[in-house]
Amino acid sequence: MLSRYSRQLLQVRSLHFPLLTRRPLFLCPLSFMKPQVVFVLGGPGAGKGTQCTRIVEEMDQTMTANTQKNKFLIDGFPRNQDNLQGWNKTMDGKADVSFVLFFDCNNEICIERCLERGKSSGRTDDNRESLEKRIQTYLQSTKPIIDLYEEMGKVRKIDASKSVDEVFDEVVKIFDKEG
Ligand code: ADP
Ligand code: MG
């Protein structure tokens, strides 16, 4: 698997991607370099966590020269206007948002994936009723944030309905291109 991505991963390899889950205030406190942040967004079950883990794992396995520690992934943030305002207020001038990695996935596929995840995850909110509500919340609160970044030309959209490997292939292409 690694050899398949080895060419594209060349640039990703030398970077360090701590995975943060909705804890932007703990960003890289000791770094003298301005943090470069990638917001990872998409509906519940779109595969954000899966792909973030994969990015970080590939890093751990392949990293040789860990010279740049100023790159951060933030999974599932900002998920609403309140989050965004908090980010802008707290991080203005302290971090740059490189781009938004948007996992675009059909609602029904998202629900099915979460129902499957619910069988083993122990997440009590992975049931159909709760998932329908979470999809509505995503559409009403999070999608407009993605649209805002789209207007700024900062959204990198991926068809997340494909297999994990195919989606990751697209992720790698994007990081390869973005540097
Ligand atoms: P999110 O963090 O966006 O809510 P997860 O990464 O937790 O989504 O994925 C939800 C469920 O779907 C998990 O059980 C995961 O294994 C599965 N999954 C993730 N990506 C894919 C994919 N591309 N194809 C099929 N199943 C997937
Ligand atoms: Mg998740």
Side-chain angles (χ1 to χ4, degrees), residues 1-5 8-9 12 16-27 37-61 71-84 86-87 97-150 154-178:
M1 184 56 61
L2 277 179
S3 60
R4 194 176 149 204
Y5 297 117
Q8 292 99 322
L9 276 171
V12 179
H16 177 75
F17 284 97
L19 172 59
L20 303 179
T21 306
R22 294 182 282 283
R23 283 189 222 143
L25 297 181
F26 291 94
L27 281 170
V37 171
V38 174
F39 289 147
V40 181
L41 292 174
K48 303 179 294 296
T50 302
Q51 295 295 331
C52 284
T53 301
R54 184 95 180 249
I55 294 165
V56 172
E57 276 176 4
E58 295 281 355
M59 288 303 309
D60 287 346
Q61 286 173 18
K71 306 254 177 189
F72 294 85
L73 292 172
I74 308 187
D75 176 3
F77 181 94
R79 59 175 50 210
N80 52 38
Q81 269 294 344
D82 192 45
N83 280 179
L84 183 59
W87 172 269
V97 179
S98 302
F99 58 91
V100 172
L101 194 56
F102 171 32
F103 292 107
D104 187 27
C105 194
N106 170 282
N107 294 345
E108 194 50 40
I109 293 178
C110 283
I111 289 175
E112 288 304 323
R113 284 181 185 173
C114 290
L115 289 175
E116 198 56 38
R117 179 178 63 186
K119 289 178 188 169
S120 56
S121 70
R123 283 182 61 156
T124 52
D125 58 347
D126 278 346
N127 62 75
R128 184 164 282 275
E129 192 189 354
S130 163
L131 284 162
E132 304 267 3
K133 283 188 193 151
R134 283 158 60 200
I135 294 274
Q136 286 313 312
T137 303
Y138 160 71
L139 292 173
Q140 283 165 16
S141 305
T142 312
K143 190 60 176 47
I145 306 296
I146 298 170
D147 294 342
L148 265 178
Y149 279 101
E150 177 75 60
K154 289 211 162 192
V155 172
R156 306 293 174 265
K157 184 162 92 169
I158 290 178
D159 178 359
S161 63
K162 295 181 181 170
S163 72
V164 172
D165 284 352
E166 285 172 314
V167 174
F168 186 64
D169 211 0
E170 294 303 310
V171 168
V172 169
K173 279 183 196 159
I174 286 170
F175 279 105
D176 192 27
K177 195 170 166 199
E178 296 295 330

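As the structure lists them, so they are numbered: ligands from 1, and atoms in each ligand from 1. In this text, all values refer to a predicted model and were calculated from it rather than measured experimentally.
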Exercise for the section: Without swapping roles, check the side chain of K48 against the backbone of F103 for a donor-acceptor pair under 3.5 Å. Expected result: no

Practice task
Check whether any side-chain N or O of R113 sits under 3.5 Å from a backbone N or O of A46 as a donor-acceptor pair, and report yes or no.
Solution key: yes

For ligand 1, find each of its N or O atoms that sits under 3.5 Å from a protein N or O atom, and tabulate the pairs with distances to one decimal place.
unit_1: ligand 1; atom_1: 2 (O); unit_2: G49; atom_2: N; d: 3.0
unit_1: ligand 1; atom_1: 3 (O); unit_2: A46; atom_2: N; d: 3.3
unit_1: ligand 1; atom_1: 3 (O); unit_2: G47; atom_2: N; d: 3.0
unit_1: ligand 1; atom_1: 3 (O); unit_2: K48; atom_2: N; d: 2.8
unit_1: ligand 1; atom_1: 3 (O); unit_2: K48; atom_2: NZ; d: 2.8
unit_1: ligand 1; atom_1: 4 (O); unit_2: G45; atom_2: N; d: 2.8
unit_1: ligand 1; atom_1: 4 (O); unit_2: R117; atom_2: NH1; d: 3.3
unit_1: ligand 1; atom_1: 6 (O); unit_2: G49; atom_2: N; d: 3.4
unit_1: ligand 1; atom_1: 6 (O); unit_2: T50; atom_2: N; d: 2.8
unit_1: ligand 1; atom_1: 6 (O); unit_2: T50; atom_2: OG1; d: 2.5
unit_1: ligand 1; atom_1: 7 (O); unit_2: R117; atom_2: NH1; d: 2.6
unit_1: ligand 1; atom_1: 8 (O); unit_2: G47; atom_2: N; d: 3.2
unit_1: ligand 1; atom_1: 23 (N); unit_2: R113; atom_2: NH2; d: 3.3
unit_1: ligand 1; atom_1: 23 (N); unit_2: K162; atom_2: O; d: 2.8
unit_1: ligand 1; atom_1: 23 (N); unit_2: V164; atom_2: N; d: 3.3
unit_1: ligand 1; atom_1: 24 (N); unit_2: R113; atom_2: NH2; d: 3.3

Handout entry: F168 ring center near F175 ring center (under 6.0 Å)
Key = no

Problem - R54/D165 salt bridge by N-O under 4.0 Å criterion - result: yes

Practice task
Report yes if the side chains of F39 and I145 come closer than 4.5 Å at any heavy-atom pair, otherwise no.
Solution key: no

Practice task
With the side chain counted from C-beta on, respond yes when K177 and I174 share a heavy-atom pair under 4.5 Å apart, and no when they do not.
Solution key: no

